[in-house]
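Only one structure is covered here, and it is reproduced in the block below.
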2 protein chains.
Amino acid sequence: MTEQPPYLAIADGIRRRIASGELAPGDRVPSTRAIVRESGVAMATASKALAALAREGLVRGVPGVGTVVAEVAPVRAAHDGSVPLSREALVAAAVRIADAEGLAGVSMRRIASDLGASTMALYRHVSSKGELVRLMTDVGFGEVALGRPSGDWRAQLTHAALQLWEVYRRHAWMARAMASFIRPDPMPQAMKYTEWMLRALRDTGLSVHEMMHVHLTIIAFVQGLGVAMELESNALQDTGVSSEQWMDRNGGRFAAIVSGGGYPVLATVFEHEPFGLDLDSLFGFGLARLLDGVDAHIRETSA
Amino acid sequence: MTEQPPYLAIADGIRRRIASGELAPGDRVPSTRAIVRESGVAMATASKALAALAREGLVRGVPGVGTVVAEVAPVRAAHDGSVPLSREALVAAAVRIADAEGLAGVSMRRIASDLGASTMALYRHVSSKGELVRLMTDVGFGEVALGRPSGDWRAQLTHAALQLWEVYRRHAWMARAMASFIRPDPMPQAMKYTEWMLRALRDTGLSVHEMMHVHLTIIAFVQGLGVAMELESNALQDTGVSSEQWMDRNGGRFAAIVSGGGYPVLATVFEHEPFGLDLDSLFGFGLARLLDGVDAHIRETSA
DNA sequence: ACCTGAACACCGTTCAAGT
DNA sequence: ACCTGAACACCGTTCAAGT
């Protein structure tokens, strides 16, 4: 019996509990924090153990819940070996991995193994990992259901922004994978989105320059919230602790620091409410203010 | 004479040209794209060659210019071996590296080598690289000069947002390093910033909940633009091609795709102007719209 | 011509072995 | 008690050697 690294021993333990039926599909496996507490190992070791199980498809991170036992056995890829490699298959596999394990889980070796191909074979379809990641964001834009123009610019912009936000929610990696909107690659789906936004603004009297500024301001806002959401989503997968749970547990400590002095106004935030901040309401609030401002600008311009 | 990897051969070539004086301090060294063209190597090899030289302190990336020969010989750290390791020294070294080479250049081994310490010695001051990166963002918030309250909420919010944007400009890594503003670590400087923002809004009649939403909406907007700026800054360092130069060269190709059909409104963007979009004007436009919207909301609330 | 295994130069972090 | 070298399990990408 050979010695094995601690993370493998921990993974084995959980694997056995799954195999024995003690942990059924849908059940939460111990969070990294729980593993740290119970096994006395470091966070990194615990993370590695769960990552190893996720890699096998035995467990997966569920936003809002934690890491749970996967429904079926190894998910692996839909690929059956007969489907030839293609740019699309490759990007789809990368998206699948990023959805389940975060962008950090997307490695060229991992994609290749999921598709039953050699690592280097991927490079016949993309020039680099950077290109692959850019292609992933265009898949995201392609999932926006733009619908047909209605003649009401504000309703249309709200719809498109909300749709994009939904995409970011589904694909927490979007914000970080986002290709530059300043030095854009010709990304067909993102361009379609831009076109739709500009079309909605066509009859407002704004210049194309201003229309573009409105569009990019909204994109920047969604992007910024998206970064926060990804951090949130990763933290949830790593520790199984949601933002609300975290605030319940750490709110007191936080409030103590704040009320320690020097933060009189901030202190009232913790006095008045449990500070249940959620990203959806923040998105709604910010978008409404932004569009109110755009509305005022349009009125001024056309006046 | 042993064989050496191609990237080292390329680095040697540039090093010799610097040593001989052919390339003087301040001169641009060949961009990665130029190296690809001239040496027939892949982008990654060219990047590696420049990264190796940057690591030695011989060259550095200058935003808006490209990679240039460093003014003095190896910059290294200010550390002289006698200064004891500390959390602050460690974070400062990481910031220095990230400013010069991007967040990707910040590795535990690199920081240790800059400080003349062993890699593992760093772990006596931070628990993980993640914690180190979070500490870096607080340094950024600490660089905001908040000034004294003026009684004019809009002027104050504009000032603070602009100051934060300046920090993001100086430290392009800020957006990506940003610790979660949903599950905040108690970061003293970031908390000071938040306190200042809330204080500015205190007499507007908004609830603390709404004040917090206004603050976080602005942060999200700055964050989103920050992500774009970092992509821009990294692209500039890697290729030496600025956004304007890129658009000059690729604008035609882009316009051709757009005018190929399917993008009638987008096409007019390329007809009317060289599409010189810069992030500063976008920041100014978006912030003004956002604050117009907040203004309208405050009027409604107090009416 | 097409494909890929081995290798290179990295990572963050663990852990046992030093002082 | 404090510190650190070696090792582990990874990366993306190059390149020579296969078919």
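Computed from a prediction, not measured in an experiment: that's the story for all the values here. Letters A, B, ... mirror the listed sequences (proteins, then strands); counts begin at 1.
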Next on the checklist: In this structure, how many angstroms lie between the P atom of dC11(C) and the CG atom of Leu103(B), rounded?
Outcome noted: 13 Å

Checklist entry - Given Arg134(B) and Asp138(B), is the salt bridge (Lys or Arg N to Asp or Glu O under 4.0 Å) satisfied, shown in steps? => result CA-CA 7 Å; Arg134(B) 280 192 294 278; Asp138(B) 206 42; over 6 Å; no

Next on the checklist: If you assign each of Arg109(B) and Lys129(A) to its closest nucleotide in DNA chain D, which residue comes earlier from the 5' end?
Outcome noted: Arg109(B)

Item to check | Partner residues of His171(A) under the side-chain contact (heavy atoms from CB on, under 4.5 Å) criterion, sequence neighbours left out | outcome: Val95(A), Asp99(A), Glu143(A), Val167(A), Trp173(A), Met174(A)

Next on the checklist: Heavy atoms only, 4.0 Å cut-off, all strands: where does Val106(A) land among base, sugar-phosphate and nothing?
Outcome noted: sugar-phosphate

Between protein and nucleic acid, restricted to nucleotides 4-6 of chain C and to nitrogen or oxygen atoms under 3.5 Å apart, what atom pairs and distances do you find?
{"unit_1": "dT4(C)", "atom_1": "OP2", "unit_2": "Ser118(A)", "atom_2": "OG", "d": "3.2"}

Item to check | DNA chain D: stems of at least 3 consecutive Watson-Crick or G-U pairs whose donor-acceptor distances fall under 3.5 Å | outcome: C:4-8 with D:12-16, C:12-16 with D:4-8

Checklist entry - Starting at OH of Tyr123(B) and ending at P of dA16(C), how long is that distance when rounded to a whole Å? => result 17 Å

Checklist entry - For the residue pair Ala172(B) and Met229(B), what are the closest heavy atoms and their distance? => result CA-CE, 4.3 Å

Item to check | For Ala94(A) against Val106(A), the heavy-atom pair lying closest together | outcome: O-CG2, 3.6 Å

Item to check | Distance-minimising heavy-atom pair for Leu122(A) and Leu90(A) | outcome: O-CD1, 3.8 Å

Checklist entry - When you look at Leu231(A) and Arg176(A), which way does the side chain to side chain contact (heavy atoms under 4.5 Å, CB included) test go after all the steps? => result CA-CA 10 Å; Leu231(A) 290 160; Arg176(A) 229 161 253 269; 4.0 Å; yes

Item to check | Gap between atoms CG and P, on Leu122(B) and dT14(C) respectively (whole Å) | outcome: 14 Å

Checklist outcome for this item: note: Met108(B), atom CE; dA7(D), atom P; distance rounded to Å ~ 21 Å

Next on the checklist: Among Val133(B), Ile111(B), Leu135(B), exactly one meets side chain to side chain contact (heavy atoms under 4.5 Å, CB included) together with Val91(B). Which residue is that?
Outcome noted: Leu135(B)

Next on the checklist: If I take atom CZ in residue Arg110(A) and atom P in nucleotide dC11(D), what distance separates them, rounded to the nearest angstrom?
Outcome noted: 9 Å

Next on the checklist: Is it true that Tyr168(A) and Gln223(A) share a donor-acceptor pair across their side chains at a distance under 3.5 Å?
Outcome noted: yes

